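Notes to accompany the following structure.
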2 protein chains.
Amino acid sequence: MPARRSSDDLKGVIRDFRRDQVIEVARRLFGERGTTEVPMDEIAAEAGVARSTVYVYFASRDELLRACLKQMHDQLRETIAAQWERDVEPDRRLRSLVDGMLERLDDNPAFFRLALVTQEAVTQGGAAVGSELALIGLDVARLISDLYVEGVSRGMFRSMDPDRATALIGQQIYGAMSVRAGDVAPLPRAEAVDEVTDFLLRGLAV
Amino acid sequence: MPARRSSDDLKGVIRDFRRDQVIEVARRLFGERGTTEVPMDEIAAEAGVARSTVYVYFASRDELLRACLKQMHDQLRETIAAQWERDVEPDRRLRSLVDGMLERLDDNPAFFRLALVTQEAVTQGGAAVGSELALIGLDVARLISDLYVEGVSRGMFRSMDPDRATALIGQQIYGAMSVRAGDVAPLPRAEAVDEVTDFLLRGLAV
DNA sequence: CCCGCAATCGGACATAGTGTCCGATATAAT
DNA sequence: ATTATATCGGACACTATGTCCGATTGCGGG
């Protein structure tokens with residue numbers, strides 16, 4: 001039986017490798033051109049598989065999109081986790097969070113665009129896709145909420161409803177990412193992170 | 001000649017009326033379901049014209065989309081202009097701007113979603129569509145910039161690079177709109193406007 | 001009323017892409 | 001060699017887009 005099992009493992013490894021190739025290609029092309037304008041033929045060809053094989057791995061374009069989002073989500077989680085352990089102060093954690101998000105964006109500009117264009121997929125009734133997006137949103141929101149509450153308890157942040165504060169902070173980060181994703185000449189990241197973090201902390205008023 | 005001219009005017013009026021009908025329907029359906037998932041057949045049927053007639057008025061789906069954006073832009077300009085004349089103080093103007101944007105969003109929730117999903121059309125190489133979006137962005141940015149500069153000169157806002165301040169303010173507003181567009185139970189508008197404006201002014205720090 | 005003109009309609013057509021299906025092929029294990 | 005499994009490649013049915021064009025409709029003028 002051991003050889004049999006080893007063979008299944010190898011098949012699984014090969015299959016996962018192939019599947020990941022398709023996801024990588026799809027992520028890039030979807031990010032560049034949107035979720036609906038890239039023919040499955042093209043994704044298959046670039047991934048080096050037959051088009052019908054793509055449908056063996058993914059039931060539909062939507063499911064492929066969902067897989068792309070999941071991969072993105074996993075990477076985001078890793079990035080944020082790594083940043084998070086490095087900082088303890090709430091304001092530094094805030095900075096880390098912004099940094100992590102912008103880092104993922106810059107590492108793969110198509111990253112955010114994929115999330116952005118995926119809003120359309122949600123609008124189109126892609127419930128499964130929507131739930132993957134919601135998970136990403138919840139992860140980030142929880143991090144924001146935690147750091148906000150900690151900031152208040154340390155007397156660094158002014159007191160507001162935590163949910164509202166979380167929403168407002170998230171809005172700024174989301175907006176910053178949106179703008180940066182479309183910017184042909186974005187600021188150096190460290191500078192952009194400082195700027196957004198500063199603005200979040202201090203606002204406009206003198 | 002006068003009667004001849006009058007007839008041409010009537011034809012123009014009828015044609016514009018029909019064209020606007022198509023735009024209205026398309027705006028709604030695009031906003032609800034995205035720019036690519038609504039068949040032109042359906043838009044035509046709901047607007048009460050033949051599908052081939054839609055192509056008489058608009059060369060393509062993209063051109064129809066562009067017309068939708070232009071209509072949206074015109075309405076936004078009217079809303080902002082009306083709000084703008086009512087307030088002079090920079091912080092009140094800021095509030096008016098946020099209010100105006102959220103008002104347009106609430107008046108037609110599909111409004112913002114249309115702009116959001118149109119980001120995808122831009123990604124897809126819709127240059128003409130992109131330029132319409134850019135015009136909207138420039139309008140809003142100019143308003144933000146003006147009020148920011150005035151706020152600094154009055155000693156109400158702290159001094160930063162005006163372009164960066166404009167970008168940061170714009171990001172928050174954009175994020176607020178994005179979140180609100182997807183919210184099934186959004187805050188009452190006045191409350192949301194106050195909250196965003198307050199956050200813009202004061203930030204997080206105590 | 002009739003006629004001419006312009007706009008619109010309705011349908012056919014070619015094309016592109018999606019998802020399904022299946023026989024042929026390739027590969028690995030026994 | 002045989003068997004089992006995964007993949008390939010292509011055919012198919014269907015949907016939607018944009019183009020084209022003859023038929024129909026509506027309006028204005030004589």
Side-chain angles (χ1 to χ4, degrees), chain A residues 1-23 25-26 29-30 33-68 120-121 124-126 128-129, chain B residues 1-23 25-26 29-30 33-68 120-121 124-126 128-129:
Chain A
M1 288 292 193
R4 172 94 178 246
R5 186 173 175 88
S6 169
S7 169
D8 285 347
D9 287 347
L10 180 60
K11 281 181 182 175
V13 166
I14 292 174
R15 185 190 169 94
D16 285 347
F17 177 78
R18 292 262 160 77
R19 195 171 177 276
D20 282 348
Q21 271 183 310
V22 175
I23 293 174
V25 168
L29 293 179
F30 283 163
R33 289 155 47 195
T35 63
T36 58
E37 295 292 311
V38 187
M40 299 298 268
D41 263 341
E42 189 176 335
I43 293 170
E46 268 205 46
V49 299
R51 179 163 72 82
S52 55
T53 302
V54 175
Y55 285 98
V56 173
Y57 300 144
F58 310 99
S60 63
R61 177 186 285 269
D62 261 13
E63 183 165 329
L64 174 56
L65 176 56
R66 187 177 177 192
C68 294
E120 181 164 6
Q124 285 157 26
V129 170
Chain B
M1 286 296 193
R4 173 101 178 234
R5 190 174 171 86
S6 169
S7 168
D8 285 347
D9 287 347
L10 179 61
K11 281 182 182 175
V13 167
I14 291 173
R15 185 190 168 95
D16 285 347
F17 176 77
R18 292 260 162 76
R19 195 171 177 277
D20 282 346
Q21 271 184 309
V22 176
I23 293 175
V25 169
L29 294 180
F30 283 163
R33 289 155 47 196
T35 62
T36 57
E37 295 293 311
V38 187
M40 300 297 266
D41 264 341
E42 189 176 338
I43 292 169
E46 269 206 45
V49 297
R51 181 164 70 82
S52 54
T53 303
V54 174
Y55 286 97
V56 172
Y57 299 143
F58 309 99
S60 64
R61 177 186 287 269
D62 260 14
E63 182 164 331
L64 173 56
L65 177 55
R66 187 179 176 190
C68 294
E120 181 166 5
Q124 285 157 28
V129 169

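Because the structure is a prediction, the values reported are computed rather than measured.
In this structure, B:Arg18 and B:Val22 have side chains that are not in contact, with every pair of non-hydrogen atoms separated by 4.5 Å or more. The shortest side-chain heavy-atom distance between A:Arg15 and A:Val56 falls under the 4.5 Å cut-off. B:Phe30 has its side chain within reach of B:Leu64: a pair of non-hydrogen atoms, C-beta onward, lies under 4.5 Å apart.
To the nearest angstrom, C1' of C:dT8 lies 16 Å from CZ of B:Phe17. If you take CG of A:Asp41 and P of C:dT15, they are 17 Å apart, rounded to a whole angstrom. C:dA7 atom P lies 18 Å from atom CD of B:Gln21, rounded to whole Å. Distance CZ (A:Arg33) to P (C:dG17): 10 Å, rounded to an integer number of Å. Taking atom CD1 of residue A:Ile43 and atom P of nucleotide C:dA16, one finds them 18 Å apart after rounding to whole Å. Rounded to whole angstrom, the span from the CD atom of A:Glu37 across to the C1' atom of C:dG17 amounts to 11 Å. If you measure from atom CZ of A:Arg18 to atom C1' of D:dT5, you get 13 Å, rounded to the nearest angstrom. Summarising the geometry, the separation between CE on B:Met40 and P on C:dG11 is reported as 19 Å, rounded to the nearest angstrom.
For the segment residues 49-59 of chain B, residues with any heavy atom less than 4.0 angstrom from an atom of DNA chain C are, sorted by number, B:Val49, B:Ala50, B:Arg51, B:Ser52, B:Thr53, B:Tyr57.
With rounding to the nearest 0.5 Å, the separation of CG in B:Leu29 from CD in B:Glu37 is 12.5 Å.
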Just distance, no hydrogens or angles: give the donor-acceptor pairs under 3.5 Å from side chains in residues 40-53 of chain A, sequence neighbours left out.
{"from": "A:Asp41", "atom 1": "OD1", "to": "A:Arg51", "atom 2": "NE", "distance (Å)": "2.9"}
{"from": "A:Glu42", "atom 1": "OE1", "to": "A:Arg33", "atom 2": "NH2", "distance (Å)": "3.0"}
{"from": "A:Glu42", "atom 1": "OE2", "to": "A:Arg33", "atom 2": "NH1", "distance (Å)": "2.9"}
{"from": "A:Glu46", "atom 1": "OE1", "to": "A:Arg28", "atom 2": "NH2", "distance (Å)": "2.3"}

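In terms of position along DNA chain D, the nucleotide closest to B:Ser60 lies nearer the 5' end than the nucleotide closest to the other residue of the pair B:Ile14 and B:Ser60.
Taking both residues in full, the closest heavy atoms of A:Ala67 and A:Phe58 are given as CB-CE2, 3.7 Å, listed atom of the first, atom of the second, then distance.
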